[in-house]
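Heads up: numbering here begins at 1 and tracks the sequence.
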Amino acid sequence: MEKIPAYKKCYNKLKSDIDNNVYPIGSYLPTEDELGKMFSVSRTTVRHAIDLLVKDKRIKVKQGAGTQVINPKERELTNFSKFHNVIDINTLFPDNAALTISGTWIDRIPANSQVASALDLNEGTEVFRLQRVVSSDEQPVIIQTNYIRIDFFPDLDTYREQLVDLYYFIQKHYGIKFETGEEHINISSADFLDAQILNIEPGSPIFFNTRTAHCSLGPMEYLEARIRPDLCHFVVRMKEPPAWYDLPEFQKSLERV
């Protein structure tokens, strides 16, 4: 029987409690520390469960107040967004040029606080660091660094030349599938080393993307990618008007404009 990861157990129990009115609409969930003690899990595991409940529109996080259970109508209204009914997200490069890996290196390093938090590890725990440079038409576009749990994939560093598609290799070689992930697209500036690799001036704006990926065992990978924005575009495709267009609450809000 496949082991259920801790974050899913936490999520399933909280979801059930919300649906069964253990936490009524308008009430607040226990704090992260309290939930961690209740479920005997880390705060990172609790945060992952909370993130799933937020995506389910069962709760909302109120800065400085806590995590509040919301009613079904409010769940719909939380969908008010520039993006709705998303059917596809693509990354485009100039002239649809083919991407190539122009450099790959994997080693073992102690996890810093950011990596340890993302991977639900103690700071200083050894992890794999997979570094790659992705090029388009021989022009470096992405500096990609993956941090991967050693306890899940203990001999991964012996397959350096085969790590073109990390998730495909992990599934094929270890039988472990990518399940969920969350990527954040941020803006930063290139430091000297980034600039040398990407052939831009130090201080130039770049995308700085981070991603945490989960498998059945828990968080397996944390990614940091530095990307030339002039050579990479993110395209979000949507379909049909959002469902909340017809909600009375939304119609009333338009009357007030």
Side-chain angles (χ1 to χ4, degrees), residues 2-8 41-45 47-48 91 93 98-186 188 190-199 206-228 232:
E2 186 176 15
K3 181 181 178 182
I4 300 175
Y7 75 89
K8 278 193 175 179
V41 297
S42 69
R43 290 183 66 181
T44 302
T45 299
R47 287 188 192 122
H48 191 197
T91 307
F93 298 90
L99 298 181
T100 58
I101 305 295
S102 54
T104 300
W105 184 253
I106 185 169
D107 57 2
R108 301 178 182 220
I109 64 166
N112 62 27
S113 59
Q114 177 66 38
V115 173
S117 176
L119 295 180
D120 199 8
L121 297 169
N122 293 323
E123 187 172 350
T125 301
E126 201 171 56
V127 296
F128 288 124
R129 177 179 60 181
L130 174 62
Q131 300 178 89
R132 293 175 286 182
V133 177
V134 181
S135 297
S136 172
D137 260 347
E138 300 185 357
Q139 165 60 56
V141 179
I142 305 172
I143 304 170
Q144 188 167 298
T145 306
N146 309 73
Y147 301 92
I148 307 152
R149 288 185 59 147
I150 291 178
D151 54 340
F152 292 175
F153 317 107
D155 60 347
L156 187 68
D157 52 350
T158 63
Y159 298 97
R160 178 167 66 93
E161 300 301 329
Q162 300 179 46
L163 300 178
V164 177
D165 186 314
L166 179 63
Y167 297 161
Y168 176 78
F169 178 83
I170 284 174
Q171 179 177 333
K172 183 179 179 182
H173 186 73
Y174 297 98
I176 296 175
K177 294 182 180 180
F178 164 86
E179 287 193 349
T180 63
E182 182 168 303
E183 184 155 349
H184 294 255
I185 301 173
N186 307 287
S188 186
D191 63 20
F192 176 74
L193 292 178
D194 294 337
Q196 291 299 302
I197 295 172
L198 296 174
N199 294 328
I206 57 173
F207 288 126
F208 177 63
N209 293 10
T210 60
R211 179 178 69 232
T212 303
H214 291 76
C215 64
S216 61
L217 302 175
M220 66 175 187
E221 174 229 19
Y222 170 68
L223 163 78
E224 293 182 348
R226 293 162 174 81
I227 307 169
R228 279 188 58 162
C232 176

Participant: Return each pair, listed once, that meets salt bridge (Lys or Arg N to Asp or Glu O under 4.0 Å) where at least one residue sits in residues 161-171; pairs must be two or more places apart or across chains.
Facilitator: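 Qualifying pairs: none.
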Participant: What heavy-atom pair brings E123 and A111 nearest, and what distance separates the two atoms?
Facilitator: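 Smallest heavy-atom distance, with atoms named: CG-O, 3.6 Å.
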Participant: Rounded to the nearest 0.5 Å, what separation is found between the CG atom of D194 and the CD1 atom of I143?
Facilitator: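 Going from CG on D194 over to CD1 on I143, the span is 4.5 Å.
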Participant: Just wondering, are more than 12 heavy atoms of other shown residues or ligands nearer than 6.0 Å to CG in N186?
Facilitator: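 Counting other residues, nucleotides and ligands, CG of N186 exceeds 12 neighbours.
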Participant: Nearest 0.5 Å, what's the CG-CD1 distance between D191 and I206?
Facilitator: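 Output value for this atom pair is 7.5 Å.
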Participant: Any side-chain heavy atom of K177 sitting closer than 4.5 Å to one from S216?
Facilitator: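 K177 does not reach S216 side chain to side chain.
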Participant: Please list, chain by chain and in numerical order, all residues satisfying ring pair (Phe, Tyr, Trp, His ring centres under 6.0 Å) with Y159, sequence neighbours excluded.
Facilitator: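 In terms of ring pair (Phe, Tyr, Trp, His ring centres under 6.0 Å), with neighbours along the sequence ignored, Y159 is linked to F169, H173.
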Participant: With the side chain counted from C-beta on, respond yes when M220 and Y167 share a heavy-atom pair under 4.5 Å apart, and no when they do not.
Facilitator: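 In short, these two side chains touch, coming nearer than 4.5 Å.
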Participant: With sequence neighbours left out, what residues match R160 under salt bridge (charged side-chain N to carboxylate O under 4.0 Å, His left out)?
Facilitator: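 Testing R160 for salt bridge (charged side-chain N to carboxylate O under 4.0 Å, His left out), a comparison that skips the adjacent residues, returns none.
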Participant: Residues in ring pair (Phe, Tyr, Trp, His ring centres under 6.0 Å) with F152, at least two apart?
Facilitator: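 Checked F152 against ring pair (Phe, Tyr, Trp, His ring centres under 6.0 Å); zero matches.
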Participant: What pairs of donor and acceptor atoms, side-chain ones from residues 133-142 against any protein atom, are under 3.5 angstrom apart with sequence neighbours left out?
Facilitator:
{"from": "S135", "atom 1": "OG", "to": "S102", "atom 2": "OG", "distance (Å)": "3.0"}
{"from": "Q139", "atom 1": "OE1", "to": "N199", "atom 2": "ND2", "distance (Å)": "3.4"}
{"from": "Q139", "atom 1": "NE2", "to": "L198", "atom 2": "O", "distance (Å)": "3.2"}

Participant: By side-chain contact (heavy atoms from CB on, under 4.5 Å), which residues pair with T145, not counting sequence neighbours?
Facilitator: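 Expected list: R129, Q131, Y147.
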Participant: In Å and rounded to the nearest 0.5 Å, what is the CG to CD distance from L166 to Q144?
Facilitator: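 Interatomic distance, L166 CG to Q144 CD, rounded to 0.5 Å: 8.5 Å.
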Participant: Taking side chain as C-beta onward, heavy atoms only, is D157 less than 4.5 Å from F128?
Facilitator: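 The answer is yes, as the side chains (C-beta and beyond) meet within the 4.5 Å cut-off.
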Participant: Using the ring pair (Phe, Tyr, Trp, His ring centres under 6.0 Å) criterion, which residues pair with Y7? Sequence neighbours excluded.
Facilitator: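 Y7 satisfies ring pair (Phe, Tyr, Trp, His ring centres under 6.0 Å) with H48, H214 only.
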Participant: Are the side chains of Y222 and Q114 in contact, using a 4.5 Å heavy-atom criterion?
Facilitator: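 Yes, side chains in contact.
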Participant: Could you measure the distance from the CD1 atom of I227 to the SG atom of C232? Nearest 0.5 Å is fine.
Facilitator: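 I227 atom CD1 to C232 atom SG measures 5.0 Å (nearest 0.5 Å).
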Participant: What are the two closest non-hydrogen atoms of P5 and G218, and how far apart are they?
Facilitator: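 Looking at all heavy atoms of both residues, the closest pair is CB-N, 4.3 Å.
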Participant: Nearest 0.5 Å, what's the CG-CG distance between L156 and N146?
Facilitator: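 Answer rounded to 0.5 Å: 9.5 Å.
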Participant: Suppose we screen for side-chain contact (heavy atoms from CB on, under 4.5 Å). Which residues come up paired with S117, at least two apart in sequence or across chains?
Facilitator: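 Applying side-chain contact (heavy atoms from CB on, under 4.5 Å) to S117 gives T44, R47.
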Participant: Can you pull the salt bridge (Lys or Arg N to Asp or Glu O under 4.0 Å) pairs that have at least one residue in residues 139-152, sequence neighbours excluded?
Facilitator: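 Listed by first then second residue: R149-D151.
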Participant: Would you name the heavy atoms of T104 and I101 that are closest together and state the gap between them?
Facilitator: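 It is OG1-CG2, 3.1 Å.
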Participant: Just jot down the side-chain contact (heavy atoms from CB on, under 4.5 Å) partners of E183, sequence neighbours excluded, or say none.
Facilitator: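 In terms of side-chain contact (heavy atoms from CB on, under 4.5 Å), with neighbours along the sequence ignored, E183 is linked to N209, R211.
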Participant: Could you work out, with side-chain contact (heavy atoms from CB on, under 4.5 Å) as the rule, every residue matching E126, not counting sequence neighbours?
Facilitator: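 E126 satisfies side-chain contact (heavy atoms from CB on, under 4.5 Å) with R108, I150 once adjacent residues are dropped.
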Participant: At their closest point, which heavy atom of A118 faces which heavy atom of T212, and how far apart are they?
Facilitator: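 In terms of heavy atoms, the two residues are closest at O-CG2, 3.6 Å.
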Participant: Considering non-hydrogen atoms only, spot the tightest contact between P110 and G124 and give its length.
Facilitator: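 Looks like CB-O, 3.5 Å.
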Participant: Taking salt bridge (charged side-chain N to carboxylate O under 4.0 Å, His left out) as the definition, give me every residue that meets it alongside R132, ordered by chain and number, with sequence neighbours left out.
Facilitator: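 Salt bridge (charged side-chain N to carboxylate O under 4.0 Å, His left out) list for R132, sorted by chain: empty.
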Participant: How many angstroms lie between atom CG of L119 and atom OG1 of T125, to the nearest 0.5 angstrom?
Facilitator: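 The CG atom of L119 sits 9.5 Å away from the OG1 atom of T125.
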